[in-house]
Amino acid sequence: MASGSLPAGIKWWSGGKSPYNVNYGKIMMWYFLVSDSFTFGAFLISYGSTRLGSDYWPDPNHVFNSFPFMGHANLPLAFVSLMTFILIFSSVTMVLAVHEGHKMNRKGVEKYMIMTIIGGLAFLSCQAWEWTHLLTGSHSVLVDGKVEHWATTITKNPFGPMVEHAGQLVATPGPQLFGGFFFFITGFHGFHVFSGLIINIIMYIKTRLGHFDQRGHYEMVEKAGLYWHFVDLVWVFVFLAFYLI
Amino acid sequence: MSSVASLHESELQHAGHDAQHEHHQQSFLTKYIFSQDHKTIAKQFLITGIIWAIVGALFSVLFRLQLGFPESSFPILEDILGKWAPGGKISPDFYYALVTMHGTILVFFVLTAGLSGTFANFLIPLQIGARDMASPFLNMLSYWFFFIGSIIMATSLFIQTGPASGGWTIYPPLSALSDAALGSVRGMDLWIISMAFFIISQLMGGLNYVSTVLNLRTKGMTMTRMPLTVWSLFFTAILGILSFPVLLSCVVLLFCDRNLGTSFYLSDIIIAGKVLPHEGGSPILFQHLFWFLGHPEVYIVVLPAMGLASEVISVNARKPIFGYVAMISSMLAIVALSLIVWAHHMFVSGMNPFLGAGFILFTLLIAVPSAIKVFNWLTTLWRGNIRFTPAMLFAIGFVSMFISGGLTGIFLGNAALDIQLHDTYFNIAHFHLVMGVAAFFSMFAGLYQWFPKMFGRFMNNTLGYIHFWITMVGAYLIFWPMHYSGLAGMPRRYYDYSNWESFKQFGGMNKFISIVVIIVFITQLMFVFNFFYSIWKGRKVREANPWDATTLEWTTPIRPGHGNWPGELPEVHRWPYDYSKDGKEFISQITPVGEEETGPHH
Amino acid sequence: MSSFEVPSQITIHHEPAPNTKRIWRAFWILSVVTLGELALGLSIYNIHKGPNPSEMMVLFFKGVICILTLAKGYYIAWVFMHMGDESKLFRRSIVVPLLLFIWFIIAFLHDGNAYREARDSNAGEFKVIKNDVPAAVLERGQKD
Ligand code: HEM
Ligand SMILES: [Cu+2]
């Protein structure tokens, strides 16, 4: 793997130049991402803390086990894996766009930007489906001795411990915060995807208008790319925290 | 490479000339309001900060009236405040709103935005030899986000149920439930929204400061030739970038609890006999998240103060700062440690005591770099040829306050002692001395020192001396006695202590403190008068370098335009602390090292 | 507005990478690792479903998944975000602050766990409060 090091023989820290040989815009973007990872980190760690602080936590495999058009088939992890692949693939097309940008190939950048935008849209659609599915689902729950039908919302969770009721196993209400954290964190991530999508669309338009060719470099695309990869990076951890463990 | 570099050189020169020409054609709007000049933005932060400081201090006068004179009533208060002071006596709800707003305003708006916003913007480009910030546009936005946040917070003062009233630390459940307090009805929402804008402003500012310091240092300005002011502001920005986002997470979750029915911080609560549906959250989680920012925040306040004091002390003692590298490394140590000690604020919150032991260890470690800095300031002063200007007096005052307040920190850092001392007036005394007063002193020092650069005039010295002595003596008279009442267990945040037999003995002391508060407050108004009067009527600066200082800002014209240096950017040849060297009073950073010059050369 | 642009301070442009082989390799690695994670995730599911789930085994699998996720993060940052091409100090200035997460995670998770233990050890008292609200509290509520 090419490991970056700066050309020797230059005093990089002596002033008058960037010590990292990096434009200030990119430095800002990177440090912004560090900062944003603390926002996300705080959310995910709070989720972990709450989960360890609860007596009972539902197994995610029970909650997230459906797939569009598959009816009631029990397919744990399948749909979210699809979402993960979509996002990883859109990351690949993004980095390819950046690569074409380095070569000053406008047509190439356009092609890959379009693919990235489609990937982003696909991801958001999947998320919309997943949310709708949870919010409109119906699961029997034993509440005060009566069986009710609940969906998973930010304040309700129908996946609590099982108890016997009238000769049958029925779930009791689960931890409220399951939905609270799930919708909040995936929503916050989705908001990042959405804003990344807007940025990418702007980049696409600017590419088409030839702005970057005039400028002589595609650094803006690179910065948008950093943001987009970050969104992917965060998803890897959301995937870990909510679905895998 | 060289061709690229020289291209920049000419670009820069060109830019400098342009800046001078354009100077005359700007409209009022672009020059003073939506300015992208870092110097103007600094003044915007400063003046907004001053306005907030007056408001915040006025609030403290109001609640001190209640604390000092719990039995009296002041009819004029009812005329001004209406229903908040029925019969001329501040109502309990309003008392809590005042305390909360006092803390919020002073910690965030004055000592964070007002202090580092002002000096980072003003000093970083000038002292590293840059024409402006890396991104002047983001810099402008940073101010305007702060402005919007300010307006929202100010609005919350006027709504019917009043502003947030759960303390500046806004602990839930008090802050999360609108039934819990008047301020939690709507004021708390506005507090959160305002703070969200503030955090964004801080991030934009911080990212800008960091990339400016990294990328825009002029030729020859290596990192170890930067003045300590720049170092401290650089570290402050890093702390802000790493900790403010966590406050954002923290308050956003609180916002959901308040408005969407989630229970991140809530569980098992009964209000007025009604069991609330919230279940499963933990208020301790909130405290962890809050103090993850909260503790670094206190260093965000005090680091710039340290930097300003270091610079002012060295210039006015006519001596190189003692232990330049030690100063930087201790600041670095403080940055690192301050990010891992947050839970020392939570020893008695129900946090796990074994975990607390870890936090005690880290907390007490902070005393080491803090002590290094103190000794370095004292050694710099030692046998210096001291010029007792108002700036210097305030810088020395800073050191004094920092010592007095820092020592009590070591008491508080021990969980065993903190069980007695937590949330008492001992705590109040600790953080007001070490953070509140100390940071203000440094800010005053910085203002007296750099006022000539900001406005091309001097502030009035006599008023400056009066300001210093009354504030210095007053601050100790206000906060020193609080140690005793705190040790006796007098809790903070009570509306009226006269109902407790054990606190009656402090009635006279409370009255005394309140009287001093009023005197000190009036003295600060005098400072504000001096400030604004001097902007227009002060003695004019006639020479470019009135303090005989070595740093780059004094190589600019007396009133630099946008772009700072009319011609080429200066080149730097030495560190900023060559005072009293080789028989010379001072040697500017732009003077090349002479043949005969004695070492060491930095 | 200002009439000059603050210079961008690039002194040397990065050489564009010769080809996209590296990118595709990273993509395949990411995919395989994700599939591995899925396999482990599903085995956790099956362990839970089985007759006597071994908590140790589950914990072990979860640990492996966490390490695999970190590896994914590394590839995304190093290859896709070109972090591997940046200078060493720049890389460190980004990675070192992230080490803060170690203590951040330990402290929060430890305390969350301790919260549950403390609560459960007082479980009896807790129930009383929840199920029948003390009469005094109720009375005050009605008066208000
Ligand atoms: C020698 C180093 C220090 C140590 C060991 C220390 C320790 C502590 C401890 C343990 C507390 C919690 C007290 C309690 O709530 O019971 C505390 C409170 C506080 N400290 Fe320090 N401190 C130190 C220096 C500082 C500095 C330099 C600042 C600010 C610049 C500062 C600002 C504060 C503030 C604002 C609070 C109170 C927050 C509140 O409860 O409202 N401390 N300190
Ligand atoms: Cu602290």
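Per chain, numbering begins at 1; letters A, B, ... match sequence-line order. All values below were derived from every heavy atom in this structure, side-chain atoms included, with hydrogens, water molecules and symmetry-related copies excluded.
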Given that the side chain runs from C-beta out, which part of [X] has a heavy atom under 4.5 Å from chain A: side chain, backbone, both or neither?
| X | value |
| --- | --- |
| B/Leu203 | side chain |
| B/Phe292 | side chain |
| B/Met223 | both |

message: Under 3.5 Å, is there a donor on one side chain and an acceptor on the other for B/Gln36 and B/Asp132?
response: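 Short answer, no.
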
message: We want to know whether A/Tyr24 and B/Asn208 form a side-chain donor-acceptor pair, criterion being a heavy-atom distance below 3.5 angstrom.
response: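 No donor-acceptor contact under 3.5 Å links the two side chains.
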
Quick one: of [options], who has the most non-hydrogen atom pairs under 4.5 Å with chain B?
| options | result |
| --- | --- |
| A/Gly25, A/Ser35, A/Ala42 | A/Ser35 |
| A/Ser46, A/Gly53, A/Ser49, A/Gly41 | A/Ser46 |
| A/Asp36, A/Ile45, A/Asp55, A/Leu177 | A/Leu177 |

message: Quick check: closest heavy atoms across A/Met29 and A/Tyr227, and the distance to 0.1 Å?
response: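 In this case the closest contact between A/Met29 and A/Tyr227 is CE-CB, 4.0 Å.
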
If you tally heavy-atom pairs under 4.5 Å against chain A, which of [options] wins?
| options | value |
| --- | --- |
| B/Ser243, B/Ser263, B/Gly280 | B/Ser263 |
| B/Leu242, B/Ile238, B/Ile128, B/Leu248 | B/Leu242 |
| B/Leu289, B/Val210, B/Leu285 | B/Leu285 |

Interchain contact, [X] with chain B, by part (heavy-atom threshold 4.5 Å):
| X | answer |
| --- | --- |
| A/Thr50 | side chain |
| A/Pro19 | both |
| A/Ile27 | side chain |
| A/Phe181 | both |
| A/Phe32 | both |

Is the ring pair [X]/[Y] parallel, tilted or perpendicular, if the boundaries are 30 and 60 degrees?
| X | Y | answer |
| --- | --- | --- |
| A/Phe230 | A/His192 | tilted |
| B/His288 | B/Phe359 | tilted |
| B/Phe145 | B/Phe197 | tilted |

message: Determine whether the aromatic ring centres of residues A/Tyr47 and A/Phe178 are separated by less than 6.0 angstrom.
response: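 Ring centroids of A/Phe178 and A/Tyr47 are no less than 6.0 Å from each other.
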
field: Pairwise side-chain contact, B/Val251 with B/Phe290, heavy-atom cut-off 4.5 Å (strictly under)
entry: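 No. Closest side-chain heavy atoms not under 4.5 Å.
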
- prompt: Any side-chain heavy atom of A/Val147 within less than 4.5 Å of one from A/His165?
  reply: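 SC-SC contact between A/Val147 and A/His165 confirmed.
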
